[in-house]
Amino acid sequence: MPTDHIYLRDAYARRFEAVVTASGDDYVVLDRTAFYPGGGGQPPDSGTLDFGDKRVTVVEAFKMGEDVAHRLQGEVPPPGTAVVGELDWGRRYAHMRLHTAIHLLDALLLRRNVGGEITGGQIYDDRARVDFDWPDFSREALDGLVEEANSEIRRGRRVLVKYLSREEAMAIPNLARTAPGRELLAKLSMVRVLEIEGLDVQMDGGTHVADIGEIGTIRPTRVENKGRRNKRVEFVLE
């Protein structure tokens with residue numbers, strides 16, 4: 001059986017029990033895990049594994065087919081070992097807040113109907129960047145978008161994870177907003193989506209906060225010109 005991905009249904013699970021199903025020179029595969037293996041611009045989780053009287057560092061989680069492997073710094077427990085995993089929660093929670101912030105900015109830009117879109121993004125431990133294809137981009141327009149986002153954050157909206165059939169998902173406009181996402185959508189039988197209640201629904205495989213009120217205040221810190229229509233914006237959360 002492939003790894004049970006706890007993080008897909010409970011982003012707030014930070015400690016869990018599991019059993020090693022396979023191991024290599026510096027990694028183990030577990031029967032279940034709360035460690036996110038990275039993807040979609042969100043970094044993989046790190047943390048610790050306890051077994052017996054030992055504790056080893058999980059440097060990163062990564063995908064291995066349908067399984068999630070955990071790269072370790074220290075002794076590698078053999079298959080059959082019972083372990084207790086624990087995330088570096090401060091780091092994971094920062095990723096969750098930043099990831100939801102990107103979705104919020106994307107949703108509000110789409111709602112403004114100005115012909116702009118977010119074409120990519122990357123989350124770091126202390127900041128995030130988003131790439132815009134926005135013909136009428138200006139610092140004033142960006143400030144207006146961020147002000148609207150911060151106003152929404154102050155009011156709060158629930159963030160929900162749902163699963164849809166491919167037919168249901170294909171009927172929702174703009175559910176997948178990149179070419180790779182649209183290709184993936186056409187192949188899936190069940191589609192995991194993230195809904196910012198009353199505002200946006202988007203295909204997504206990452207982890208998010210339960211309410212946009214947890215994001216904090218978005219503050220842009222850097223704008224780079226990547227072409228006539230393309231801009232790269234970095235932001236932090238306060």
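Treat the numbers as computed from the prediction; the structure is a model and nothing was measured.
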Is there a side-chain contact (heavy atoms from CB on, under 4.5 Å) between R92 and Y7? Walk through the geometry before answering. CA-CA 11 Å; R92 153 66 90 77; Y7 57 85; 3.7 Å; yes
Steps toward side-chain contact (heavy atoms from CB on, under 4.5 Å) verdict (V161, R192): CA-CA 7 Å; V161 172; R192 184 178 186 266; 3.6 Å; yes
Mind running side-chain contact (heavy atoms from CB on, under 4.5 Å) on R232 and V223 for me, showing each step along the way? CA-CA 6 Å; R232 175 167 291 176; V223 178; over 6 Å; no
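At most 12 non-hydrogen atoms from other residues, nucleotides or ligands lie less than 6.0 angstrom from CD of Q73. The environment of R112 atom CZ is dense: over 12 non-hydrogen atoms of other residues, nucleotides or ligands sit within 6.0 angstrom. The number of heavy-atom neighbours closer than 6.0 Å to CD of E17, taken from other residues, nucleotides and ligands shown, is 12 or below. Heavy-atom neighbours of M1 CE from other residues, nucleotides or ligands within 6.0 Å: at or below the threshold of 12. Residue-environment remark: CD (E238) exceeds the threshold of 12 foreign heavy atoms within 6.0 Å. Heavy-atom neighbours of R229 CZ from other residues, nucleotides or ligands within 6.0 Å: above the threshold of 12.
Applying the ring-ring contact (aromatic ring centres under 6.0 Å, His included) definition to pairs two or more places apart or across chains, those involving residues 134-160 are F132-W134, W134-F137. The stretch residues 210-238 participates, sequence neighbours left out, in no ring-ring contact (aromatic ring centres under 6.0 Å, His included) pair at all. Each ring-ring contact (aromatic ring centres under 6.0 Å, His included) pair with one or both residues in residues 173-228, not counting sequence neighbours, appears once here: H99-H208, H103-H208.
The closest donor-acceptor contact from the side chain of D133 to the backbone of T119 lies at 3.5 Å or more, if one exists at all. Formation of a donor-acceptor pair under 3.5 Å by the R97 side chain with backbone atoms of V209 is not found in this model.
The shortest side-chain heavy-atom distance between N230 and D131 does not fall under the 4.5 Å cut-off. The shortest side-chain heavy-atom distance between R166 and S189 does not fall under the 4.5 Å cut-off. Looking only at side-chain heavy atoms (C-beta outward), I212 and I196 come within less than 4.5 Å of each other. When side chains are defined from C-beta on, H95 counts as touching D125, because their heavy atoms get closer than 4.5 Å. The shortest side-chain heavy-atom distance between H70 and T33 falls under the 4.5 Å cut-off. Contact annotation: the side chain of T217 never approaches that of L237 to less than 4.5 Å [non-hydrogen atoms, C-beta and beyond]. Under the 4.5 Å side-chain criterion, counting only non-hydrogen atoms from C-beta, P220 is in contact with R139. Between V68 and L30, the closest side-chain pair of non-hydrogen atoms is not below 4.5 Å.
Transitive grouping of hydrophobic side chains (ILVMFWY, heavy atoms separated by less than 4.5 Å) brings F35 and V20 into a common cluster. Connection of L110 to V130 is not established within any shared hydrophobic cluster, with ILVMFWY side chains joined at heavy-atom distances below 4.5 Å, either directly or through further cluster members. Note: the hydrophobic cluster containing V236 does not contain M96 (ILVMFWY, side chain heavy atoms under 4.5 Å, direct or indirect links).
Once rounded to the nearest 0.5 Å, the distance linking CD1 of I102 with CD1 of I123 reads 4.5 Å. Taking CD of Q42 as the start and OH of Y36 as the end, the distance is 5.0 Å to the nearest 0.5 Å. The structure places CD of Q122 at 11.0 Å from CG of L98, a figure rounded to the nearest 0.5 Å. Here D106 contributes atom CG and L199 contributes atom CG; the two are 10.0 Å apart, rounded to the nearest 0.5 Å. One finds the CG atom of L49 at 13.5 Å from the NZ atom of K54 (value rounded to the nearest 0.5 Å). Taken to the nearest 0.5 Å, the CG atom of D50 stands 4.0 Å off from the CZ atom of R55.
Between Y163 and M190, the shortest heavy-atom distance links the atoms CB-CE, 4.0 Å. Across all non-hydrogen atoms, the minimal contact from T207 to A11 is CB-CB, 4.0 Å. Contact detail for A34 and A13: the closest heavy-atom pair is CB-O, 3.6 Å. For the pair A149 and L108, the tightest heavy-atom approach, listed with the atom from each and the gap, is CA-CD1, 3.4 Å. Residues V146 and I218 come closest through the heavy atom pair CG1-O, 3.4 Å.
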Only pairs under 3.5 Å count here: list side-chain donor-acceptor contacts from residues 57-67, not counting sequence neighbours, and write none if there are none.
| unit_1 | atom_1 | unit_2 | atom_2 | d |
| --- | --- | --- | --- | --- |
| E60 | OE2 | R71 | NE | 2.9 |
| D67 | OD1 | T3 | N | 2.9 |
| D67 | OD1 | T3 | OG1 | 3.2 |

For a quick test of your reading: what N or O donor-acceptor pairs under 3.5 Å do the side chains of residues 74-90 make, sequence neighbours left out?
| unit_1 | atom_1 | unit_2 | atom_2 | d |
| --- | --- | --- | --- | --- |
| T81 | OG1 | P78 | O | 2.7 |
| E86 | OE1 | R15 | NH1 | 2.9 |
| D88 | OD1 | R91 | N | 3.3 |

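A tilted orientation is assigned to the rings of Y93 and Y12, their planes being inclined by 30° to 60°.
Applying the 4.5 Å side-chain rule to ILVMFWY residues, one finds L164, M170, L175, L184, L185, L188, V191, V193, V201, M203 in the same cluster as I172.
The pair D200-R157 does not count as a salt bridge, with every side-chain nitrogen at least 4.0 angstrom from each carboxylate oxygen. Ion pairing between R111 and E152 holds under the 4.0 Å rule for side-chain N and carboxylate O. Ion pairing between a basic and an acidic side chain is recognised when a charged N comes within 4.0 Å of a carboxylate O; R158 and E197 show such pairing.
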